[in-house]
Structures are given as structure tokens and as C-alpha cells.
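Written below as C-alpha cells is the structure these notes are about.
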2 protein chains.
Amino acid sequence: MKADQALFCNSKHHKMERFLEVCLLLLLYDEVGYGYGLIEQLEYFGFSQEELNVSTLYRTLRKMETESLVSSFWEEGGPGPRRRVYQITENGKTNLNQWIRVLEIRKARIDTVIHKYHEKVDS
Amino acid sequence: MKADQALFCNSKHHKMERFLEVCLLLLLYDEVGYGYGLIEQLEYFGFSQEELNVSTLYRTLRKMETESLVSSFWEEGGPGPRRRVYQITENGKTNLNQWIRVLEIRKARIDTVIHKYHEKVDS
DNA sequence: AGAGACTATATACCTAATGAATATAGATTG
DNA sequence: CAATCTATATTCATTAGGTATATAGTCTCT
């Protein structure tokens, strides 16, 4: 079954990485955001300033827009340089929901490994 | 602190992927194994036959040997084509231990995302 | 014995994801 | 107006992974 297979974390379409993408969708779920400002918000999900690559962030946001997961517009008028503000799309919300199910399976798999490790080593 | 940073899942040295590598180290922890036979054992960790790429498996094992995580020898005498049998090294055991700690952090981060999702969406 | 299927390992080629570095440019501050 | 900060974007290189294919010995059946 292709649909089930897609839920496996290692499958072609749902790799284990792309965690940043999920966090961005979640941050944008109920409020808009712009690249630079999202960096701070990502700390909530464990991204440190050093860890997070600014290029990766902007590239990811642009890619997500081409995939219609988010849409963007230029925010004029505020202080400082103008910002490209992103908002989630309905498509993006659906995608996030699928991602969450992937993460749940992924978490279970990690758990299996951790338990097996302690079973083998701590005894 | 570089040591702490290395524990983050996205850091340069500990990416989120390479889950296969951890599972292989764990399988080889207390008994030797060979490529083709490990495929079946990997099902325990959620790898389906279709999902698991045979090339990836062999490539990963060879790479792990160059990194001194495992060592190998040719098993002669048994039925069928001869097998390259892998065994874990002390270095590999240390590495697995570090990986487990990475996975524990990774699991916590996934949990944060899942909880935040339900908090935002299911209410 | 020979054909075909199976077991087992390995490599070549390509794409996708990511990191590092750099480019651009307007806004702010002194 | 020079220096700095905010903000976005792109280029180049590396790595992980997928697809396809190569190689070769073993087993089974006739």
C-alpha cells in the first residue's frame, strides 16, 4: 500500500529530515511571520542561533512557497528594511497534519531503538 | 559550547538522518551480522523491505568500516555465496552511545512539535 | 551437465538537502 | 556620511540517499 508506505520516515517522500519545514508550518499556523523574526521563534523548537543556518531558513521558506504551503507579500511601512511576510495556506495546513502523523511514527521508531539499547546495554 | 551543540539534531555532525546507521550498530551490538541477513532484522526497527534500499545498506556498512565503527571478515564454508560478516568495534559502541543521547534529544524535540500542534489545532 | 533462479556484495550515476560564504540594499545611529 | 544593523537572496561545494546495474558464486531441477 503506497499510502501506508508514505508514512514511513525513510520513504522517498517523507525523509527523516526537513524538521525545520514542519516547525515553520507550525509557527505560521495561527500568525504570519517573516524570515529573520522566525529565527527567534524557532528557539522554542530547540534551534539554537548557531545551529540554524540563515541561508537554509530563507531557502526553505522560498521552496515552501513554490510548493504552495505558504504564500508571501511585502510588508511596507514598518521600521527598518521591508520584510517578506509569510502566511500558511490551506494546503500547508493539510501538509502539516500529514507531517505530524509522520513525526508520531518517527518518534515511535526512535523509542524502539532507545528501549532496545537500554535492554541490551544496561543489563 | 561545542560539545553541547553537537547534541542538537541538526548540527553539522549529527544530522537527523543516518537512522539506519544507528539501527545497524544496535543490531551488531551483541552478535555479528552480514548485509543481506541484516535486512530482515531491520524490520524490527520499522524498515520495510520496499523502504530499505539494498545499495544504501551495503554502502552504509562499508562506510561504517572506514570509520572504524565496525570491522568485517569473509565467512567461508557456509552454504550459499560467501558472506562479509560485520562485527562492532569498541569505537562503534562508544559511537552508538552518543547516538542514543542524540536520539533522546531528537525525540524530545519531536514531542514538543507534536504537543504544540495539538495545542494549536485541537482546540 | 546446463539453464535459470537465488543469494550476496558492490559500484556508477544522479538528485535532493544542507552548509558556508558572499552579495545586495535599505534603515538607523552617531 | 560612515559604520552598523536588519533583512533577504544567491552561489558554490559537500553529503546522504535513490535508482539502476554489475559481478559472481550457489542451488535446483531436469
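The basis for the numbers below is simple: all heavy atoms, side chains too, and nothing from hydrogens, waters or symmetry mates. Residue numbers start from 1 in every chain, and the chains themselves are labelled A, B, ... in the order their sequence lines are given, proteins ahead of strands.
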TODO: Using distance alone, with no hydrogens and no angle criterion, decide if B/Asn91 and B/Thr89 have a side-chain donor and acceptor under 3.5 Å apart.
DONE: no
Open item on the list: Checking B/Thr94 now: which residues fulfil side-chain contact (heavy atoms from CB on, under 4.5 Å) with it, not counting sequence neighbours?
Closed with: B/Gln98
Open item on the list: Please list, in numerical order, the residues of residues 32-44 of chain A that have a heavy atom closer than 4.0 Å to any atom of DNA chain C.
Closed with: none
Open item on the list: Going by side-chain contact (heavy atoms from CB on, under 4.5 Å), name the residues that satisfy it together with A/Glu104, two or more places apart in sequence or in a different chain.
Closed with: A/Ile100, A/Arg101, B/Ile114, B/His118
Task: Degree of bending in the helix from C/dA1-D/dT30 to C/dG30-D/dC1 once both end axes are built from five pairs, to 10° - done: 10°
Kindly list each side-chain donor-acceptor pair under 3.5 angstrom involving residues 65-72 of chain A, sequence neighbours excluded, with atom names and distances?
from    : atom 1 : to      : atom 2 : distance (Å)
A/Glu65 : OE1    : A/Arg62 : NH1    : 3.2
A/Glu65 : OE1    : A/Ser72 : OG     : 3.0
A/Glu65 : OE2    : A/Ser72 : N      : 3.0
A/Glu65 : OE2    : A/Ser72 : OG     : 2.9
A/Thr66 : OG1    : A/Lys63 : O      : 2.6
A/Ser71 : OG     : A/Gln87 : NE2    : 3.4
A/Ser72 : OG     : A/Arg84 : NH1    : 3.0

Task: A/Arg59: partners by salt bridge (charged side-chain N to carboxylate O under 4.0 Å, His left out), with sequence neighbours left out - done: none
Is there any protein nitrogen or oxygen under 3.5 Å from a nitrogen or oxygen in nucleotides 24-27 of chain D, and what are the pairs?
from   : atom 1 : to      : atom 2 : distance (Å)
D/dT26 : O3'    : B/Gly80 : N      : 3.3
D/dC27 : OP1    : B/Gly80 : N      : 3.1

Task: Partner set under side-chain contact (heavy atoms from CB on, under 4.5 Å) for A/Tyr58, not counting sequence neighbours - done: A/Tyr36, A/Val54
Open item on the list: Once side-chain hydrogen bond (donor to acceptor under 3.5 Å, both in side chains) is applied, do any residues pair with B/Thr112, and if so which ones, sequence neighbours excluded?
Closed with: none
TODO: Could you tell me which residues satisfy salt bridge (charged side-chain N to carboxylate O under 4.0 Å, His left out) with A/Arg83, sequence neighbours excluded, listed by chain and number?
DONE: none
TODO: Using the salt bridge (charged side-chain N to carboxylate O under 4.0 Å, His left out) rule, collect all pairs that involve residues 112-122 of chain B, keeping only residues at least two apart or in two chains.
DONE: A/Asp30-B/Lys120, B/Lys116-B/Glu119
- [ ] Tell me which residues in residues 55-66 of chain B put a heavy atom below 4.0 Å from DNA chain D, sorted by number, or none.
- [x] B/Ser55, B/Thr56, B/Arg59
